[in-house]
Chemist: 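Take this structure, written in structure tokens, and hold onto it; I'll ask about it next.
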Amino acid sequence: MPLDHAAPPQNIGDTKPRDAIIIGAGFSGLYQLHCLRDRLGMRVEVLEAGGGVGGTWYWNRYPGARCDSESHSYCYTFSAEIFREWEWTERYPGHAEIRRYLNHVSDRLDLARDIRFNTRVTACRWDEPAGLWRLTTQHGEELSARFLITAVGCLSTANIPKIPGLEAFRGDWYHTGTWPHEGVAFAGKRVGQIGTGSTGIQAVPVIAEEAAHLTVFQRTANYSVPARNQPLTSEFKAWVRDNWAEIRRVTQSTVNGHPFMIEDRSVHAVSDEELHAILERAWERGGLQFRANFRDVLLDETANVKLADFVRAKIRGMVQDPAKAAMLADIDHPYGAKRPPIDSGYFEAFNRDNVALVDVRADPIECITPTGIRLRSGAEHALDVIVFATGFDAMTGPLMALNIEGEGGQRLADAWAAGPQTYLGLQVAGFPNLFTVTGPGSPSVLCNMPVCIEQHVEWITDCLGHLRALGLERIETTAEAMADWGAEVQRVANLTLLPKVPHSWYLGANVPGKPRVFMPYAGGMARYRQHCAEVAAKGYPGFIMEHGQRAAAE
Ligand code: NA7
């Protein structure tokens, strides 16, 4: 199959209500389509804004774009066959390889015939008398379905800060999350990059290699651990093929869905020498597993500080210029309390003559001029290209962009004016027959995404199967279930250091005006999975299941 689709699928023009419409053809939407169409025999269509499958990875093509999860765990595990027949080439999958993988899965399961590409959904309205969701697309098409499933990803709405003057900038500018497919030529250019999160940390070394000069505008210094990416050996590939069941078991039983367990020991239980030796080994091994050496890193500030100090010392050791080293190591939050990046030569890139670092916490960006960036002090940085590595309107942004209206015309934007509220991250009271895959209130961004996606998709599939077995067509959670779950989400978050970082996107703090509410469920994926399974086994308490308007979808 081609990686991009220009032609519409065959069923275009067919306006009969679907049993379900899925929005998004990334990891979630593809698997949800397979489950509903091929397991439940439903009439399903996927609407996808991009010209191919991939979801977030369809757009995310910036220099150095690579997943931080290890490749053998960043994939579906529902089918041993599909798992075994795909061979990853590197320890961490690059963006192009992830797209190739998802295209392979799409071809294997014959999914593309039910995906309408290049179709952005602009509005979704619940029609109570008909018992249908009515959708409008950017092309003005009207579609309807009994069930609406959002598979729009958590980090897919670009956050471009409103810095005055951008429209008059005479150079080129890009956001990392919507990168031109043809790439960007940096050779001979003076590049300015705003943002030093996971994305910015991946992009810096790659842009620095090519550009004439790179200026990195840092607002918040960040920890990072070496990724130690490398080609996978044939022994490791064989081990992966032979250990599908074990990899699946481990990823499903850990807190974060990664293929390694968190050690059950406290930082305080080891001597300083032992601690140092453990962290040195973890540093050499690299990757997100660095934080998994102790159970209390995100629970206890005095435990955390020992890891944080270790990483700060490493940064100071890697960066030769003492002024840059001090700026990079001046980190104001606990290790791992913001999403911990991993890198391939980030700190070392600051040893290059063509890479400068500017502290925009001390001297904030005042405006963009036609020729560069001006700081409050009046200092000007002349630039040909600006790269916004400024993150996303996370978790709620992609849902808000759908302009969802539920019962009585209630807008989701109004229902969530004080922050998102859901039951299990799956449903919202007042929005019947709507399911949000990896919605706020579920582990989502705190988990290796394919693991939590498979769990949500399978739970939704089982739920719709159950509804059908009962001869029912309508399901809606209650305000009470939602309030109880919301309290639980805040309770477990407050047991950790995660909500203590005032500028974290987990709290919505990176988007001006966004309510400050801790959004993902921090109680761990394994516990969440068990809880959802218990809800299903008990007959779905917290959800009301009823007859809908039977005629409409027939
Ligand atoms: P992040 O983690 O939200 O990082 C965005 C970066 O951009 C961060 O350093 C921000 O500083 C910075 N930023 C945002 N707005 C501004 C303005 N106006 N001025 C200066 N600096 C700014 O996004 P990423 O894309 O790196 O990563 C998102 C997730 O994708 C990641 O966690 C993985 O799960 C994959 P701040 O820290 O807010 O001071």
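Only a predicted model underlies this, so the values are computations on that prediction, with no experimental measurement involved. First listed ligand is number 1; within each ligand, the first listed atom is number 1.
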Chemist: One pair to check against side chain to side chain contact (heavy atoms under 4.5 Å, CB included): L498 and L446. What are the steps and the verdict?
Modeler: CA-CA 10 Å; L498 295 170; L446 298 179; 4.1 Å; yes
Chemist: Only heavy atoms of P161, strictly under 4.0 Å: list the atoms of ligand 1 that pass.
Modeler: 18 (N)
Chemist: Yes or no on side chain to side chain donor-acceptor pair (under 3.5 Å) for D363 and S377, after CA distance, side-chain angles and deciding distance?
Modeler: CA-CA 6 Å; D363 189 3; S377 64; 2.5 Å; yes
Chemist: Would you mind checking if R228 and E284 are paired as a salt bridge, meaning a charged N to carboxylate O distance below 4.0 Å?
Modeler: yes
Chemist: Before signing off on this row, confirm whether N159 and ligand 1 have an N or O atom pair separated by under 3.5 Å.
Modeler: no
Chemist: Do S198 and ligand 1 have an N or O pair less than 3.5 Å apart?
Modeler: yes
Chemist: Under 4.0 Å from any heavy atom of G195, which atoms of ligand 1 are there?
Modeler: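 Numbered from 1, ligand 1 contributes 6 (C), 7 (O), 9 (O), 12 (C).
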Chemist: Tell me which protein heavy atom sits closest to atom 3 (O) of ligand 1, plus the residue, atom name and distance to 0.1 Å.
Modeler: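 Looking at atom 3 (O) of ligand 1, the protein heavy atom closest to it is W505 CD1, 3.1 Å.
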Chemist: Please report which non-hydrogen protein atom sits nearest to atom 4 (O) of ligand 1, along with the residue it belongs to and the distance in Å to one decimal place.
Modeler: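 Of every protein heavy atom, G197 CA, 3.5 Å lies nearest to atom 4 (O) of ligand 1.
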Chemist: Looking at side-chain heavy atoms only, is the closest gap between Y506 and P499 below 4.5 Å?
Modeler: no
Chemist: Would you say the side chains of S69 and N448 form a donor-acceptor pair under 3.5 Å?
Modeler: yes
Chemist: Does ligand 1 have an atom that lies less than 4.0 angstrom from a heavy atom of F217?
Modeler: no
Chemist: So, H95 and R99: side-chain donor and acceptor under 3.5 Å apart, yes or no?
Modeler: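 Side-chain D/A pair, H95 to R99: present.
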Chemist: For atom 5 (C) of ligand 1, which protein heavy atom lies nearest, and how many Å away is it?
Modeler: A389 O, 3.4 Å
Chemist: Among all protein heavy atoms, pick the one closest to atom 21 (N) of ligand 1 and tell me residue, atom and distance.
Modeler: I194 CG2, 3.5 Å
Chemist: Can you sort out which atoms of ligand 1 are near T196, meaning under 4.0 Å from one of its heavy atoms?
Modeler: 6 (C), 8 (C), 9 (O)
Chemist: List every atom of ligand 1 that sits less than 4.0 Å from any heavy atom of L155, numbering the atoms from 1 in the order shown and giving each element.
Modeler: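 This gives 29 (C), 30 (O), 34 (O), 35 (C) as the contact atoms.
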Chemist: Looking only at protein heavy atoms, which one is nearest to atom 11 (O) of ligand 1, and how far off is it?
Modeler: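 The protein heavy atom lying closest is R219 NE, 3.7 Å.
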Chemist: Please state which protein non-hydrogen atom is closest to atom 27 (O) of ligand 1 and give its distance, to 0.1 Å?
Modeler: T199 OG1, 3.7 Å
Chemist: Any side-chain heavy atom of V360 sitting closer than 4.5 Å to one from R376?
Modeler: no
Chemist: Between T302 and D300, do the side chains contain an N or O donor and an N or O acceptor separated by less than 3.5 Å?
Modeler: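 Result is yes, a qualifying pair exists.
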Chemist: Around atom 36 (P) of ligand 1, find the nearest protein heavy atom and jot down its residue, atom name and distance.
Modeler: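 Atom 36 (P) of ligand 1 sits closest to the protein heavy atom T220 OG1, 3.4 Å.
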Chemist: Under 4.0 Å from a heavy atom of K338: which atoms of ligand 1 are those, numbered in the order shown and with their elements?
Modeler: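 This gives 36 (P), 37 (O) as the contact atoms.
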Chemist: To check you understand the geometry: which heavy-atom pair defines the closest contact between F290 and L279, and what is its length?
Modeler: CE1-O, 3.8 Å
Chemist: Do me a favour and list the nearest non-hydrogen protein atom to atom 23 (O) of ligand 1 with residue, atom name and distance?
Modeler: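 Minimum-distance protein heavy atom for atom 23 (O) of ligand 1 reads G391 CA, 3.1 Å.
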Chemist: From the options F117, Y58, Y101, select the one residue that forms a side-chain contact (heavy atoms from CB on, under 4.5 Å) with V53.
Modeler: F117
